[in-house]
Amino acid sequence: MHPTGLRRSQSPNKRRRVMNEEKGDGGGSQQASSPSASASASASAAHAVVVPAVPAADVATDSGDALPIAEKRDEILKAVEENQVVILMGETGSGKTTQVPIYLHHAGYTSKGVIAITQPRRVAAITVAHRVAQELSSQVGDLVGYSVRFEDVTSAATKIRFATDGFLLRDCVRDGDFSRYSVLILDEAHERTLATDMLFGLVKRLLVAGKRPQLRVIVMSATLDPSKYGGFFRSAGVVPLFGGARGRGAGGVGCVRIVRIPGRQHPVEIFHTPAAEEDYVEAASITVMQLHVEQPPGDILVFLPGQDDIEALQQLLEDKRVKLDRLRRHPSPSDPLPPSWQSSSLDMLICPIYAALPVDQQVEAFRPTPPHTRKVVLATNIAETSITLPGIRYVVDSGKVKLTTFNPRTGVEMLLRQDVSKAAAMQRSGRAGREAPGQAYRLFTEADSQGLADQTPPEITRADLAQIVLQMRAYGISNEESFPFLDAPKEGALDKAVKMLQDLGALDNRGLTDLGHRLSGLPVVPMHGRLLLDSMEFGCLEHMLSIVALLSTENVWHHTLTSERKADKERRKRVSTNFRRLAHPDGDHLTLLKAYHRWNEVSDKVGFCKEHGINHHALVRATKIREQLQGLLVRLLGDVDMAAHTQAAVGKDEQWVSIKQCLAKAFFLNAAKLMPPTRKYRTEYGRQEVHVHPTSVLVERQSLPQWVVYNDFFQTGVGKKLYIKTVTAVEGEWLVQFAPAKFTAAYVKD
DNA sequence: GTTAGGGTT
């Protein structure tokens, strides 16, 4: 037992063996070291591995010739000249994202067309465009520009165009041959986003068809296995192995070449636990406290799978922080601090960060750490790829992540907590070495780390593909089974998507219907598109634009789950009361709309959001989406007269009715029927018993509506409850009226 | 009684 009582305060009955602490002997030769051991003479016991790490977005902090990539410049240019496809393997800080487009520009590729560089995230596309523009002494939107949703900062002069992968994928509908581009660069390919994977397939089709012999394709990736991409393009049938590199003559267009770029990453020592941890939250709290009191200054980044764990760990650490502070001020003879803990007097600042956290709270993690303080950031995998935090020297990795998988047979989405892949664990560990040598403490064993999957399964194998199949049909790809996927979707996933689109009326025996064409032009899931298109006949277009925009926006509400700090309790109560006042008893769609209307009316929007548990940023984003959708509908349907499709004159209740009717019509595939005397529902599709998610306004009701439609359908784990979320009451007779093929009067009555 | 992270002419 540890003498401070800091550990005892948590779980007295459980034995913990974090970082070898329990052994107290520095461990055997096969065991990972504790932080204290690594700092002492027994450091030789450490099972340390030095790894390179991969960056979030490969934005090097310095530029030009100092970068490691500079020495590869000629090799890269030669490879691009001689090969149609070049794969660049680049590690952290290699500068490939900024430098490769510049090399190509100076080599004349911009005189033959535009260089496009895709990024999985908008922030990366925008910031890299600014950096490259600066290096070329140009203004963004001139020679160098970027194209992301809501923002297309390009002009006729733009020759280097950074874009999100999703934007470029959309762009393909207009220009399937990428005819304006001389070079297409798929950056961060190892992330294997849905959009990047689709671009892979579209590019391969183009190369196979031989339509663009002059086009050059560069895949930039940090993955450990470049041969996967190489094999994919070589099997296009036009590409001899390695071209000139293996002495097969001149090489020539149509070849694939792999170039490795050295990185610039500080070494990171990696430690594993000697034994498996049952409770990674508690294990993390112990490890963080040990690092905090025993290690030199430097911030700590803890990776956890979700918000609930972050809040639980935050509570544990706050308690320990307070206790440590008390023991430092008032040493207790019966509970003395060990000598090694007395040298440090750093305070601890705990900062949670996850996507659903409102931005004003997220920024705390980015602020400079105050003097005499150690920042401890508790993060989901948002800190693995999307954001880079300064000052991190220590990483604590739970080894867990939440991943969605879509079951095509049942239609259920499942968000499962599971082990990270080797690649993700490396990425996480590498976060300790961005600015200086660092250390990573993994809360799993060396043996377990060997058993991890190499890569996280790509999104295309885990997603609902309805929207993707709709897009493919719009490109003219009628047989999606023969599409050259880098990794094929799950068995049955494409069939399921086709079936769903048929049920929705987007596809028939002849292919894409008129409705399908219209739906494919809207940047929303097909069912949301139908809400918009159906809304005109119900006279609720304006309202439905708002609802669909809100449904397209993640994290409108900010719910705190577990930790209830006393100081916040009053505020929570107030927020909860305010929310109930705002809620519409008939459902969550209507409640979202009410909240949005109120938000639009009030002058202090930020204050309103704080007092109602709303994420202000989400509503700002919803407003942008709404404007975009409105503009698209006008173009799609001709001169849509908003007023004519909105019954402004009718009473409020009648408006609510028409909105609910529209929901019933467009969402009949997501209808569910109450199963009295329980409070459960049964879905129409799949006939599965589901619970209304506890965040729904419906759970407040004494008597539940007989019929509802829902937006989300998911399960929180294997064998766990099924939930429907964002749920609104409808009348059974509306389902009969609007979806007679699926519902009969007798059926809905009983 | 409580879903990770991205992204869209």
Side-chain angles (χ1 to χ4, degrees), chain A residues 56-57 118-125 147-152 163-175 188 191-199 303-311 353-357 379-387 398 400-405 412-418 420 424 456 458-459 462-463 467-468 470-471 474-475 520-525 528-529 552-555 557-562 621 624-625 628-629 631-633 635-636 679 691-696 699-700 711-717 720-726:
Chain A
T118 66
Q119 295 290 321
R121 281 165 294 279
R122 357 178 336 122
V123 179
S147 303
V148 299
R149 191 178 189 181
F150 312 129
E151 267 187 278
D152 191 357
T164 51
D165 49 10
F167 188 99
L168 205 72
L169 183 60
R170 274 273 162 192
D171 216 34
C172 290
V173 182
R174 276 192 311 207
D175 180 11
E188 310 292 348
E191 290 196 26
R192 302 293 308 276
T193 65
L194 202 47
T196 293
D197 265 22
M198 291 306 296
L199 288 169
F303 283 104
L304 290 163
Q307 182 187 346
D308 51 350
D309 287 330
I310 285 173
E311 288 177 356
I353 189 161
Y354 47 90
L357 191 71
T380 59
N381 57 349
I382 191 173
E384 193 179 303
T385 51
S386 306
I387 60 165
S398 66
K400 302 289 179 186
V401 65
K402 283 183 179 175
L403 286 177
T404 48
T405 54
V412 184
E413 183 184 286
M414 190 147 57
L415 191 57
L416 269 187
R417 191 181 72 203
Q418 51 198 74
V420 294
T456 307
E459 197 181 0
R462 300 182 284 113
Q467 201 178 355
I468 286 293
L470 186 66
Q471 290 300 309
Y475 301 150
S520 74
L522 297 169
V524 293
V525 295
H528 291 171
S552 305
T553 310
E554 292 288 305
N555 312 318
W557 307 107
H558 182 233
H559 303 280
T560 302
L561 306 173
T562 44
R621 183 175 158 78
K624 284 188 191 162
I625 296 174
Q628 186 193 27
L629 292 174
L632 288 169
L633 281 178
R635 277 168 47 186
L636 200 66
R679 290 174 68 82
H691 296 260
V692 177
H693 196 267
T695 54
S696 172
V699 301
E700 303 283 325
N711 193 66
D712 311 288
F713 177 27
F714 62 86
Q715 193 173 18
T716 50
K720 292 202 172 175
K721 284 181 180 172
L722 290 160
Y723 287 101
I724 51 176
K725 189 174 165 178
T726 313

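Just so it is clear: chains get the letters A, B, ... in the order the sequence lines come, proteins before strands, and each one is counted from 1.
Side-chain atoms of A/Arg149 and base atoms of B/dT8 include no donor and acceptor less than 3.5 Å apart. Between the base of B/dG5 and the side chain of A/Glu384 there is no donor-acceptor pair shorter than 3.5 Å. If you check distances only, the side chain of A/Glu554 never reaches the base of B/dG5 with a donor-acceptor pair under 3.5 Å.
Nucleic acid contact for A/Arg122: sugar-phosphate only, since backbone atoms but no base atoms lie under 4.0 Å from a heavy atom of the residue. Within the 4.0 angstrom heavy-atom criterion, only backbone atoms of the sugar-phosphate kind lie near A/Lys721; the bases stay farther away. Residue-level contact check: A/Val401 touches neither bases nor backbone, having no heavy atom under 4.0 Å from any strand. In this structure, A/Asp712 reaches the bases: a heavy-atom distance under 4.0 Å links it to at least one base atom across the strands shown. Counting non-hydrogen atoms under 4.0 angstrom, A/Val148 reaches the backbone sugars and phosphates but no base. Heavy atoms of A/Ala355 sit under 4.0 angstrom from primed sugar atoms or phosphate atoms, though from no base atom. Using a 4.0 Å heavy-atom cutoff across all strands shown, A/Ser552 reaches no nucleic acid atom at all. Heavy atoms of A/Ile625 sit nowhere under 4.0 angstrom from any nucleic acid atom.
Separating the NE2 atom of A/His693 from the C1' atom of B/dT3 is a distance of 7 Å, rounded to the nearest angstrom. The CD-P distance, from A/Gln119 to B/dT8, rounds to 13 Å in whole Å.
For the residue pair A/His558 and A/Leu357, the shortest heavy atom distance occurs at NE2-CD1, 3.7 Å. Across all non-hydrogen atoms, the minimal contact from A/Ile353 to A/Ile310 is O-CD1, 3.9 Å.
Phosphate proximity of B/dT2 to A/Thr695: absent, as no side-chain N or O sits under 4.0 Å from OP1 or OP2. OP1 or OP2 of B/dT9 lies within a sub-4.0 Å distance of a side-chain N or O belonging to A/Gln628. Dashed line: the shortest gap from a side-chain N or O of A/Tyr354 to OP1 or OP2 of B/dG5 is not under 4.0 Å. OP1 and OP2 of B/dG6 both lie 4.0 Å or more from every side-chain N or O belonging to A/Thr193.
Proximity of a side-chain donor or acceptor of A/Arg462 to a complementary backbone N or O of A/Thr404 within less than 3.5 Å is detected.
Listed nucleotides B/dT9, B/dA4, B/dG6 differ in distance to A/Leu415; the shortest reach to its side chain belongs to B/dA4. When each of B/dT9, B/dG1, B/dA4 is scored by its nearest atom to the side-chain atoms of A/Asp308, the top-ranked nucleotide is B/dA4. For A/Thr164, the listed nucleotide lying nearest its side chain is B/dT8; candidates were B/dT3, B/dT8, B/dA4.
Along DNA chain B, the nucleotide nearest to A/Thr716 and the one nearest to A/Asp152 differ in position, and the one closer to the 5' end is contacted by A/Thr716.
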Inset, instruction - Take A/Glu311 and A/Gln307, measure what side-chain hydrogen bond (donor to acceptor under 3.5 Å, both in side chains) needs, and give me the verdict at the end. - result: CA-CA 6 Å; A/Glu311 288 177 356; A/Gln307 182 187 346; 3.0 Å; yes

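Side-chain contact annotation: A/Asp712 with A/His693, donor-acceptor N/O pair under 3.5 Å absent.
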